[in-house]
Undergrad: 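Take this structure first; my questions come after.
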Amino acid sequence: MITDILNIRWQDVIDIILTAILIYQLLLLLRGTQGIQILAGILILLLAYWGARRLDFFTLEWILESFVKSLLLIAIILFQSDIRRMLSRVGRRAIFPAGYSEPKILEEIANATDSLAKQKIGGLFVLKRQGKLRDIIEGGIRLDATVSCELLLTLFWPNSPTHDGAVIISGDQILAAGCVLPLSNRPDLDKALGTRHRAGLGVTEHSDAIAIIISEERGQVSLAQEGRLTMNLSRTQLLHNLNEIFTKNESTNTGWYEKISRLFEKK
Ligand SMILES: Nc1ncnc2c1ncn2[C@@H]1O[C@H](COP(=O)(O)OP(=O)(O)OP(=O)(O)O)[C@@H](O)[C@H]1O
């Protein structure tokens, strides 16, 4: 046993790590879906097969053995939509890692912000960076849709179910809407500013995310970063600030570890 451990090759270590990551990601992908129930069913049948073998129940073993032999095929058929979703996610991240370097994304966000402000419709966008916002995203309505000005406007349209709360964006993807953010406790904040601004500021105190706040009352746009609020921005100023934050920093600040973890990360 000890000699086996001593003989372990570096390939075995990588093999074990990759298998663990794969299983963990599969479980994350299936969590909360019907897939997890199917997986539990398969595990019960595998347990029954193992029991039948141990107890020499030949007929049951024979039936379950045929099932176990075709398990891979059965799993592919049962999980085809989950597998498709996972492959497209991995492929998309490998080729187009989550980032804001594509100028069109920031323009779509700036256009939506400007349009909401002009119509005095309240809005709150959170632009995710390296820091995880999993709890916040899971509390909202999951979307996984491509960023577009039209969709962002629709999400904040009065009476829409996603009108309240924040939209979380990561690169070219809208991850979730209707998300509740942690509120800032800053005592020196202008008393005229309500919970939308405190929420936008709060998320930037807890993470490296950027928040764009559109005031319903005054139709003004504010940008929050690292617990600081820059208020009353025009469309041009907002776009300029976003470009400064993202296109310059994002590509240089991302190390190899972040690049690899983004590939597997479930946001
Ligand atoms: N914790 C939170 N997370 C996300 N959104 C929140 C949170 N709390 C409040 N909001 C949003 O803020 C809205 C209330 O805005 P409120 O009037 O208090 O803010 P405000 O900062 O004064 O902005 P406005 O100028 O738009 O009135 C809620 O309807 C909701 O959409």
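All values below were derived from every heavy atom in this structure, side-chain atoms included, with hydrogens, water molecules and symmetry-related copies excluded. First listed ligand is number 1; within each ligand, the first listed atom is number 1.
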Undergrad: Considering only protein heavy atoms, which is closest to atom 19 (O) of ligand 1, and at what distance to one decimal place?
TA: Arg196 N, 3.1 Å

Undergrad: Quick one: nearest non-hydrogen protein atom to atom 31 (O) of ligand 1, plus distance?
TA: Asp164 OD1, 2.7 Å

Undergrad: Short question: side chain of Ser207, backbone of Thr204 - any donor-acceptor pair under 3.5 Å?
TA: no

Undergrad: Heavy-atom count check: over 12 atoms from other residues, nucleotides or ligands less than 6.0 Å from Asn159 CG?
TA: no

Undergrad: Would you check if the side chain of Glu108 reaches a backbone N or O of Ser148 as a donor-acceptor pair within less than 3.5 Å?
TA: no

Undergrad: Could you check atom 5 (N) of ligand 1 against the protein and tell me its nearest heavy-atom contact, residue, atom and distance included?
TA: Gly165 CA, 3.4 Å

Undergrad: Of the protein's non-hydrogen atoms, which lies at the shortest distance from atom 17 (O) of ligand 1, and what is that distance?
TA: Glu217 OE2, 4.6 Å

Undergrad: Yes or no, since that's all I need: does a protein heavy atom fall within a distance strictly under 4.0 Å of atom 8 (N) of ligand 1?
TA: yes

Undergrad: Could an N or O of ligand 1 be found under 3.5 Å from any N or O of Leu124, whether backbone or side chain?
TA: no

Undergrad: Please state which protein non-hydrogen atom is closest to atom 24 (P) of ligand 1 and give its distance, to 0.1 Å?
TA: Glu216 N, 3.5 Å

Undergrad: Suppose I only count heavy atoms of Leu183 and a 4.0 Å limit; which atoms of ligand 1 are within that range?
TA: 1 (N)

Undergrad: Is the closest heavy atom of Cys179 to ligand 1 under 4.0 Å?
TA: yes

Undergrad: When you measure from the side chain of Asp12 to the backbone of Ile8, do you find a donor-acceptor pair of N or O atoms at a distance under 3.5 Å?
TA: no

Undergrad: Taking side-chain contact (heavy atoms from CB on, under 4.5 Å) as the criterion, tell me which of Ile168, Leu155, Thr162, Leu175 meets it with Leu143.
TA: Leu155

Undergrad: Could you tell me the residue and atom name of the protein heavy atom closest to atom 21 (O) of ligand 1, and the distance to it rounded to 0.1 Å?
TA: His197 ND1, 2.6 Å

Undergrad: Please list, in number order, the atoms of ligand 1 under 4.0 Å from a heavy atom of Thr195.
TA: 8 (N), 9 (C), 12 (O), 14 (C), 15 (O), 16 (P), 18 (O), 19 (O), 21 (O)

Undergrad: Got an N/O contact under 3.5 Å between Gly122 and ligand 1?
TA: no

Undergrad: Using modelled atom types only, decide if a donor and an acceptor are shared between the side chain of Arg186 and the backbone of Gly227 within a distance under 3.5 Å.
TA: yes

Undergrad: Is the backbone N or O of Ser234 less than 3.5 Å from a side-chain atom of Gln237, with the two atoms forming a donor-acceptor pair by type?
TA: yes

Undergrad: Short list, please: which atoms of ligand 1 are under 4.0 Å from a heavy atom of Val180?
TA: 1 (N), 3 (N)

Undergrad: Only one of Leu242, Leu223, Ile212 clears side-chain contact (heavy atoms from CB on, under 4.5 Å) with Leu233; which?
TA: Leu223

Undergrad: Answer yes or no: is there a donor N or O on one side and an acceptor on the other, between the side chain of Thr195 and the main chain of Arg198, under 3.5 Å?
TA: no

Undergrad: What residue and heavy atom of the protein are closest to atom 25 (O) of ligand 1, and at what distance?
TA: Ser215 OG, 2.6 Å

Undergrad: Can you check whether Phe125 and Phe156 have ring centres sitting under 6.0 Å from each other?
TA: yes

Undergrad: Atom 6 (C) of ligand 1: which protein heavy atom is closest, and how many Å away?
TA: Ala199 CB, 4.2 Å

Undergrad: Does an N or O from Gly194, backbone or side chain, lie closer than 3.5 Å to an N or O of ligand 1?
TA: yes

